[in-house]
> 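Here it is: the structure, laid out below.
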Amino acid sequence: MNLRGVRTLYAFEMARWFRTLAQSIISPVVTTSLYFVVFGAAIGARIQEIDGVAYGAFIVPGLIMLMVLTQSTQNASFGIFFPRFSGTVYEILAAPVSAFEVVMGFVGAAATKAIILGLIILATATLFVEMQIAHPVFMLLFMALTAITFSLMGFIIGIWADGFEKLSFVPMLIVMPLAFLGGTFYSIDMLPPAWQTVTLFNPVFYLISAFRWSFFGTSDIGVGVSLAMIALFLAVALAVVAWIFRTGYRLRD
Amino acid sequence: MTPQAAERPGEDGAPALSVRGLHKTYESGFQALRTVDLEIRRGEIFALLGPNGAGKTTLISIICGIVRPSGGQVEVNGHDIVRDWRRARSLIGLVPQELTTDSFEKVRDTVAFSRGLYGCRPDPAHIEHVLRALSLWDKRDAQMRTLSGGMKRRVLIAKALAHEPELLFLDEPTAGVDVELRRDMWALVRELREQGVTIVLTTHYIEEAEEMADRVGVINHGQIILVERKDTLMQKLGRKRLALQLQTPLLAIPDALTHLELELADDGHQLIYTFDTQAERTGITRLLQDLSSAGIRFSDMHTEQSTLEEIFVDLVRRES
Ligand SMILES: Nc1ncnc2c1ncn2[C@@H]1O[C@H](COP(=O)(O)OP(=O)(O)OP(=O)(O)O)[C@@H](O)[C@H]1O
Ligand SMILES: [Mg+2]
C-alpha cells in the first residue's frame, strides 16, 4: 500500500482548494443564506410545523445535504477531469499507486471539502434558526457517507466527461433535481400518493431522510432502510469505479 | 566510463528492461506496434530512433503503464510490469514528449509532488540537487505557467528524477530546447549514467544519439528494424568520403576515371570519392594511381565518415 502516494494526492487536491478558499466558502454560504431568507423566513412563516419541527429548522438538513451533494460531485469530477484534460494524468497512471489508492486520494479530498462546507452551512444555519441535533454522531456519519458516495459519482463523471459541458451538465441536470425532489424543502407526506412512490426511487430521498432523522429524531422512512440504501449506492459507485480501472475506460488507451 | 562498466549486470543479473513479443493495436484498430523484442542493459544509454508515428511513444507508454499492451511481456529489472507492477513502476522515471504541466503549481511543489506520488519520503536536499542540476533553482517558487517551454521541459525532467529512478525514459527531451540547454542536458544524462541510471531516449536529432548513445535502435512502422552498438553501426553501415583538393579545377571527370565512384564538388576544385570502409578493397590505391597517370595533381586530402543521420535516413528509406 502506497499510503504516502495517497497522502500526496490528497494534499495536492486540498492545496488546490485552499488556494481559492475564500471563493470556495463564500459562494455556498451566500447561496444558503438566501435559501434561509426566502424559504425559511419569508415562506416558512406561512407554513405550519412539519412533524413538530418549525419549517425554518426543517429545511436545514436538506440544505446541508444539497450543499454536500453538489460540492462532492463538483469537486471530485473536476479533480480527476482536470489532469485528464491537461495531460498531467500521465504521472498518476505511471506512478506506483493502485486504482484504489488514486480513488482514496481524489475522493477523500473531495469528500473532505464537502464535509467542511456542510459543517459551515450548519454553522450558518444556527444564525437563522434555533435547533438541536438529536444524534450528532449519526449526523456526521450520514454526512460522510453521502459525501463519499457522491464524490465517487463525481469521480466517475470526471472520467466519463470528454469536455467541460458534460462536466457541468450532469450536476445541473441530475444532482440538483434529485436533491430538490428528494425532500429538501418538504416531507413526502405533503406529496400526492403517486409522487410519493416516485420519490422512493430517488436515492437522495433516503440520504435526506436519514440525515433529517439525525437532527430531529423523526423521518419519512426508517433509518435502517435509509442506511441500507446508502450502503447500496456506495457499493454501486465503487463497482463502477472498479470497472473503470479494470478496463482502463477513458484513462488508459 | 568504459563500455564494460556500462554493461555490468545488475544485482540479480536481469537486464534493466526486457521487452518480449510486445504488440499493440489501439481501439481505432490501428496497429502501432507489431512484435517488439528489445533488451536494454543496465547502465547503458539507448537511443530509439524512428520517423514520426513509428511507435516510439507507444512503446514507452506501455512500459510505463500509461497504455495497455495488446500482448507480450515487459520486465523492468526482472519485475513484470503487470504482475509486479508496483516494483516495476517505482524503478521508472518518465519525461513525456508532450509538455503537460499544472499551470498554477510552483516548480518546487510539483517536483515534491512527484516524489510523494512514488511513495518516497520527502527529501528537500535531493530536490534542491535536481533543481540546481537543471538550472531551475532560481525558479523554484515560480508558477509553471510563467516558465518558458524549455524550462517546463526541464521541470518535467526534474519531476521524473524526483524519486531517483533506475530506468529513465526521455521521450524527445530536447525538442524545442536551445543549443546551450541541450548541451546541459547531455551533461546531466552523462552524470546520471555515471550514477548507474539506465537511460532510454527518443530523439529526432541524430547528433544527440551520436553524441550520447551506447546503442541505437531504429523503429519504423511499429517494428524494431535494427539494434546495434552505435560505433559498430557507424562502422558497418558507414561510408567514408575521400575529398581531394585539386591544384587545377576540373570541368568534368576525365574519361579515364569514369569507372570509379567520383563526383566533382566546389566548382571542380574538389574530387570526392565515396567508398565502403568494410569492403575488402577500398579502391584508394587504385584511385591514386589512376589520378597520377591521368596527370591530376592535388594539394590536400581528407576523409569523412557518414553521420548517423545519413545511415538512419538510408535505413528507413530502404525499408519502405
Ligand atoms: N491513442 C491512440 N489511438 C489511436 N492511434 C494512436 C494513439 N496514439 C498513437 N496512435 C498512433 O500510433 C502510431 C504511433 O504513435 P507514436 O506516438 O507511438 O509515434 P512516435 O514514434 O512517438 O512518433 P513521434 O516521433 O511523432 O512522436 C501513430 O500512427 C499514431 O497515430
Ligand atoms: Mg512520440
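Residue numbers start from 1 in every chain, and the chains themselves are labelled A, B, ... in the order their sequence lines are given, proteins ahead of strands.
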> In terms of heavy-atom contacts, does NZ of B:K152 have more than 12 from other residues, nucleotides or ligands at under 6.0 Å?
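Yes, NZ of B:K152 has more than 12 neighbouring heavy atoms, counting only those of other groups under 6.0 Å.
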> I'd like to know whether CZ of A:F169 has more than 12 heavy-atom contacts from other residues, nucleotides or ligands below 6.0 angstrom.
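Result for CZ/A:F169: open.
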> So A:F12 and B:D102, side chain to side chain contact (heavy atoms under 4.5 Å, CB included) or not? Walk me through it.
CA-CA 11 Å; A:F12 174 81; B:D102 250 308; 3.4 Å; yes
> Counting only non-hydrogen atoms closer than 4.5 Å, does B:R87 touch chain A with its backbone (N, CA, C, O), its side chain (CB onward), both, or neither?
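For B:R87, there is no contact with chain A at all, as no heavy atom is under 4.5 Å.
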> Roughly how far, to the nearest 0.5 Å, is CZ of B:R68 from CG of A:L93?
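It comes to 11.0 Å.
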> State, to 0.1 Å, how close A:N2 and B:G116 come at their nearest heavy-atom pair, and which atoms those are.
OD1-O, 4.5 Å
> Taking everything shown except A:F138 itself, do over 12 heavy atoms lie less than 6.0 Å from its CZ?
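Counting neighbours around CZ of A:F138, 12 or fewer heavy atoms of other residues, nucleotides or ligands fall under 6.0 Å, so no.
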> May I ask you to test the B:P96-A:E91 pair for a side-chain heavy-atom distance under 4.5 Å?
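Result no, sub-4.5 Å side-chain heavy-atom pair not found.
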> Check whether more than 12 heavy atoms from other residues, nucleotides or ligands sit under 6.0 Å from atom CD of B:Q31, and answer yes or no.
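Above 12, so yes.
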> With a 4.5 angstrom heavy-atom cut-off, is it the side chain or the backbone of A:R16 that approaches chain B, or both, or neither?
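Neither the backbone nor the side chain of A:R16 comes within 4.5 Å of chain B.
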> A quick test of your reading: do over 12 heavy atoms of other residues, nucleotides or ligands sit less than 6.0 Å from OH of B:Y26?
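Above 12, so yes.
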> Please report the closest heavy-atom contact between A:T88 and B:T101, naming both atoms and the distance.
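Residues A:T88 and B:T101, closest heavy atoms: CG2-C, 3.6 Å.
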> Answer yes or no: are there more than 12 heavy-atom neighbours, outside A:F85 itself, under 6.0 Å from its atom CZ?
no
> Using heavy-atom distances under 4.5 Å, tell me whether B:S90 contacts chain A through its side chain, its backbone, both, or neither.
both
> If you count heavy-atom pairs within less than 4.5 Å of chain B, which of A:T8, A:L3, A:V6 leads?
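Heavy-atom pairs under 4.5 Å are most numerous for A:T8.
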> So how far is it from B:D171 CG to A:Y90 OH, rounded to the nearest 0.5 Å?
11.0 Å
> Quick check: closest heavy atoms across B:P122 and A:R4, and the distance to 0.1 Å?
CD-NE, 4.1 Å
> So which atom in A:L9 and which in B:F113 form the shortest heavy-atom distance, rounded to 0.1 Å?
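It is CD2-CZ, 3.9 Å.
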> Among B:I66, B:L94, B:V67, B:T58, which has the most heavy-atom pairs under 4.5 Å with chain A?
B:I66
> Distance from B:F104 atom CZ to A:T20 atom OG1, nearest 0.5 Å?
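Interatomic distance, B:F104 CZ to A:T20 OG1, rounded to 0.5 Å: 10.5 Å.
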> So what's closer than 4.5 Å to chain A heavy atoms on B:S61: side chain, backbone, both or neither?
neither
> List the atom of A:P96, the atom of B:Y118, and the distance in Å for their closest heavy-atom pair.
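Taking every non-hydrogen atom into account, CD-CD2, 3.1 Å.
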> Would you give the length of the straight line joining atom OG of A:S98 to atom CZ of B:R89, rounded to the nearest 0.5 angstrom?
9.5 Å
> Checking heavy atoms, do the side chain of A:I92, its backbone, both or neither come under 4.5 Å from chain B?
both
